[in-house]
Amino acid sequence: VVGASGYSGAVFTALASNHPNLELRFATSDKAAGEPVASRLGLPNGSKLRFSSHDDALKLSHDVDVVVIASSSEHAMRLAPVIAAHARVVDLSGAFRLDAAAYPKWYGFEHAAASELQRAFYGLPELFGPPPSETRIVSNPGCYATAGLLAAAPLLRDAVASADDVIIDGKSGISGAGRRADEAYSFVELAEEVRAYKVGTHAHTPEIARYLQRYAHGSAEPRVTFTPHLVPLRRGLLVTAYMVARQGATTESVRASLERSYEGKSFVRVVGIDEVSAHAAAGTPMALVGACVTGHRIVSVCALDNLLKGAASQAMQNVNALLGLPDAAGLSTYARFAP
Ligand SMILES: NC(=O)c1ccc[n+]([C@@H]2O[C@H](COP(=O)([O-])OP(=O)(O)OC[C@H]3O[C@@H](n4cnc5c(N)ncnc54)[C@H](OP(=O)(O)O)[C@@H]3O)[C@@H](O)[C@H]2O)c1
């Protein structure tokens, strides 16, 4: 795991170290280099592994089957293609999610690995299935994008919703911003606060539009307006998708569309719209989805844990798929009672 000290990398490392079929071979952090991984991450299994520095990642990756990268997009864009020559990669950053031409605008850098980008597989298993066997890089979807796509995609496919005007309102706990320490993310600034951020500029906007298109009828990308908000939760994320209902759409047909899509999927549960809650999803690898029709709109809500289904447990589903293991391996006993 590269970036194993960050929030999503640490959660993935904890899952990997308890996985019945995986052996955790290395975990990188410059800040914690040399420290025992188990004590730093509060792992129970007494592993002797210590954090390596990021510069050692490439050398260490020669000895493993899969490398999970949980660092910045620019760093992952450079590292993943080199590692992909000898090991498979699951990348949690945004480095392999869009067309190369979109990177300067949405991520602020030129993409330097266009052919790997083109071949990368977008790993949202419930919507796009497992990666083909030749896949070298799986791009793990963004947290808001996972929730927005799970809420909206089936309704476009089944033509109960129009793709012309999809509004995604997202709210995320503060861990979504990573383990940073600057004033804007301090307790005093964020406790009892709710605010929109990156309005019109968040990189999950083109990600949602791009992958919704695969479910929409017609060639044009769905028109998506996405506004993220930070809310004073440690973890958990809730997205409300508003779409224009097509003629004849009812709450029953909308719910049936979601149920058809997610039948038999271990990690997406269709529930009543009032039961979709960030608290109920937080600490679990589950996404909860519920929808209804009101007036001319469909309202579809999805909640998940930004560090699990929005990052680490989805990455584990992708690792499992790359290794031919069951989707839920290492995740099946992962449950939580949330009073
Ligand atoms: N947080 C979420 O909810 C979430 C959800 C989905 C996807 N993601 C994505 O996952 C990635 C990590 O996010 P995060 O929130 O977990 O971040 P984070 O908590 O800020 O942690 C960042 C990690 O990157 C490492 N790092 C820093 N410089 C590096 C370098 N030069 N080379 C390799 N690693 C380096 C850090 O290690 P040190 O110990 O050395 O500082 C740390 O482990 C981001 O791309 C983010 O967009 C995050």
Side-chain angles (χ1 to χ4, degrees), residues 1-15 26-35 37 40-41 50-61 67-80 82-83 89-98 103 106-109 122-124 138-149 170-182 184-185 197-198 202-204 207-208 228 230-231 233-239 278 281-283 285 287 303-318:
V1 182
V2 177
S5 56
Y7 285 144
S8 48
V11 173
F12 182 85
T13 303
L15 291 176
F26 73 87
T28 76
S29 162
D30 281 356
K31 280 194 197 128
E35 286 184 37
V37 173
R40 175 96 181 190
L41 301 187
R50 289 176 183 270
F51 283 105
S52 307
S53 67
H54 301 309
D55 284 348
D56 290 337
L58 183 55
K59 186 179 70 194
L60 293 164
S61 69
V67 175
V68 170
I69 303 181
S71 60
S72 72
S73 297
E74 221 171 335
H75 176 259
M77 172 195 71
R78 288 193 300 271
L79 184 64
V82 195
I83 290 181
V89 173
V90 175
D91 174 37
L92 276 77
S93 84
F96 295 93
R97 296 180 190 154
L98 305 179
Y103 278 84
W106 295 99
Y107 281 92
F109 59 82
Y122 189 70
L124 209 174
V138 174
S139 175
N140 210 60
C143 46
Y144 286 119
T146 297
L149 289 165
K171 301 171 187 76
S172 171
I174 316 295
S175 58
R179 201 169 202 165
R180 63 174 86 190
D182 61 46
Y185 293 89
Y197 67 104
K198 289 193 178 173
H202 196 291
H204 292 183
E207 182 180 338
I208 294 167
L230 278 184
V231 294
L233 302 172
R234 283 144 65 108
R235 55 202 284 183
L237 175 154
L238 187 135
V239 147
L304 49 78
D305 187 321
N306 54 296
L307 297 179
L308 284 163
K309 185 61 180 162
S313 67
Q314 184 138 270
M316 188 59 82
Q317 291 180 262
N318 283 316

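Heavy atoms only: backbone and side chains are in, while hydrogens, waters and symmetry mates are out. Both ligands and their constituent atoms are indexed starting at 1 by order of listing. Since the model is a prediction, treat every value here as computed from it, not as a measurement.
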S.K.: If every non-hydrogen atom of Leu304 is compared with every non-hydrogen atom of Ala281, which pair is closest and at what distance?
M.R.: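 In terms of heavy atoms, the two residues are closest at CA-CB, 3.5 Å.
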S.K.: Is there a donor-acceptor contact under 3.5 Å from the side chain of Asn140 to the main chain of Asp91?
M.R.: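 It does not hold such a pair.
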S.K.: Indicate yes or no for a side-chain donor-acceptor contact from Ser29 to the backbone of Gly3 under 3.5 Å, with no hydrogens or angles considered.
M.R.: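 No, because the side chain of Ser29 does not come within donor-acceptor range (under 3.5 Å) of the backbone of Gly3.
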S.K.: To which protein heavy atom is atom 19 (O) of ligand 1 closest, and what is the distance rounded to 0.1 Å?
M.R.: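 Scanning the protein heavy atoms, the shortest distance from atom 19 (O) of ligand 1 goes to Arg179 N, 2.8 Å.
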S.K.: Between Tyr197 and Tyr144, how do the two ring planes meet: parallel, tilted or perpendicular, split at 30° and 60°?
M.R.: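 If you compare the ring of Tyr197 with that of Tyr144, the planes turn out tilted.
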S.K.: Could you report the tightest heavy-atom contact between Lys171 and Val231, atom names first, then the distance?
M.R.: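 Closest approach of Lys171 to Val231, heavy atoms only: CB-CG1, 3.9 Å.
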S.K.: If we ignore angles and hydrogens, is there a donor and acceptor under 3.5 Å between the side chains of Ser53 and Asp55?
M.R.: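 No, Asp55 and Ser53 have no side-chain donor paired with an acceptor closer than 3.5 Å.
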S.K.: Tell me, which protein residue and heavy-atom name are nearest atom 45 (O) of ligand 1, and how many Å apart are they?
M.R.: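 Here the closest protein heavy atom is Ser71 O, 2.7 Å.
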S.K.: Which atoms of ligand 1 have any heavy atom of Leu307 under 4.0 Å away?
M.R.: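 So the atoms of ligand 1 that pass are 1 (N), 2 (C), 3 (O).
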S.K.: Has Ser175 got any heavy atom lying under 4.0 angstrom from an atom of ligand 1?
M.R.: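 Yes; Ser175 lies near enough to ligand 1 that a heavy-atom distance drops under 4.0 Å.
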S.K.: Who's the nearest protein heavy-atom neighbour of atom 43 (O) of ligand 1, and how far?
M.R.: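 Sorting protein heavy atoms by distance from atom 43 (O) of ligand 1 puts Ser5 OG, 2.7 Å first.
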S.K.: Students should be able to answer this: which protein heavy-atom is nearest to atom 48 (C) of ligand 1, and at what distance?
M.R.: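 Nearest neighbour among protein heavy atoms for atom 48 (C) of ligand 1, to 0.1 Å: Ser8 OG, 3.9 Å.
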S.K.: Atoms of ligand 1 less than 4.0 Å from Tyr7 heavy atoms?
M.R.: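 Result: 16 (O), 19 (O).
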S.K.: Do any N/O atoms on Ala177 end up under 3.5 angstrom from N/O atoms on ligand 1?
M.R.: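 Such a contact does not occur with ligand 1.
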S.K.: Within a 6.0 Å radius of atom CZ on Arg179, are there more than 12 heavy atoms belonging to other residues, nucleotides or ligands?
M.R.: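 Check passes, neighbour count above 12.
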S.K.: So, regarding Asn306 and ligand 1 (criterion: nitrogen or oxygen to nitrogen or oxygen, under 3.5 Å), is there a contact or not?
M.R.: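 The answer is yes, given that Asn306 and ligand 1 share an N or O pair closer than 3.5 Å.
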S.K.: For Ser29, counting its heavy atoms only, list the atoms of ligand 1 lying under 4.0 Å from any of them.
M.R.: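 Listed by number with element, the hits are 38 (P), 39 (O), 40 (O).
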S.K.: Hey, which atoms in ligand 1 end up nearer than 4.0 Å to a heavy atom of Ala311?
M.R.: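 So the atoms of ligand 1 that pass are 5 (C), 6 (C).
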S.K.: Nearest to atom 23 (C) of ligand 1, what protein heavy atom do you find, and at what distance?
M.R.: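 Sorting protein heavy atoms by distance from atom 23 (C) of ligand 1 puts Ala70 O, 3.6 Å first.
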S.K.: Under 4.0 Å from a heavy atom of Ser93: give me the atoms of ligand 1 that qualify, with their elements.
M.R.: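 Every atom of ligand 1 under 4.0 Å from some heavy atom of Ser93: 45 (O).
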S.K.: Under the ring pair (Phe, Tyr, Trp, His ring centres under 6.0 Å) test, which residues partner Phe109, sequence neighbours left out?
M.R.: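 Checked Phe109 against ring pair (Phe, Tyr, Trp, His ring centres under 6.0 Å); matches are Tyr103.
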S.K.: In this structure, does ligand 1 have an atom that sits under 4.0 Å from one of the heavy atoms of His75?
M.R.: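 Yes.
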S.K.: Which protein heavy atom lies closest to atom 21 (O) of ligand 1, and at what distance to 0.1 Å?
M.R.: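 Result for atom 21 (O) of ligand 1: Gly6 CA, 3.1 Å.
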S.K.: Please check: side-chain N/O of Ser313 versus main-chain N/O of Leu308, any donor-acceptor pairing under 3.5 Å?
M.R.: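 Checked: pair present.
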S.K.: For Asp30, give me all partners under salt bridge (charged side-chain N to carboxylate O under 4.0 Å, His left out), at least two apart in sequence or on another chain.
M.R.: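 Result, salt bridge (charged side-chain N to carboxylate O under 4.0 Å, His left out) vs Asp30: none returned.
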S.K.: Please state which protein non-hydrogen atom is closest to atom 7 (C) of ligand 1 and give its distance, to 0.1 Å?
M.R.: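 In this structure, atom 7 (C) of ligand 1 has Leu92 O, 3.5 Å as its nearest protein heavy atom.
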S.K.: Can you list the ligand 1 atoms lying under 4.0 Å from a non-hydrogen atom of Gly310?
M.R.: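 Selected atoms, number and element: 5 (C), 6 (C).
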S.K.: Suppose we measure from atom 35 (C) of ligand 1 to each protein heavy atom; which comes out shortest, and what is that distance?
M.R.: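 Nearest protein contact, heavy atoms only, for atom 35 (C) of ligand 1 is His54 NE2, 3.2 Å.
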S.K.: Of the options Lys309, Gln314, His204, which is the one that meets Thr146 in a side-chain hydrogen bond (donor to acceptor under 3.5 Å, both in side chains)?
M.R.: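 Per the side-chain hydrogen bond (donor to acceptor under 3.5 Å, both in side chains) rule, the option paired with Thr146 is Gln314, out of Lys309, Gln314, His204.
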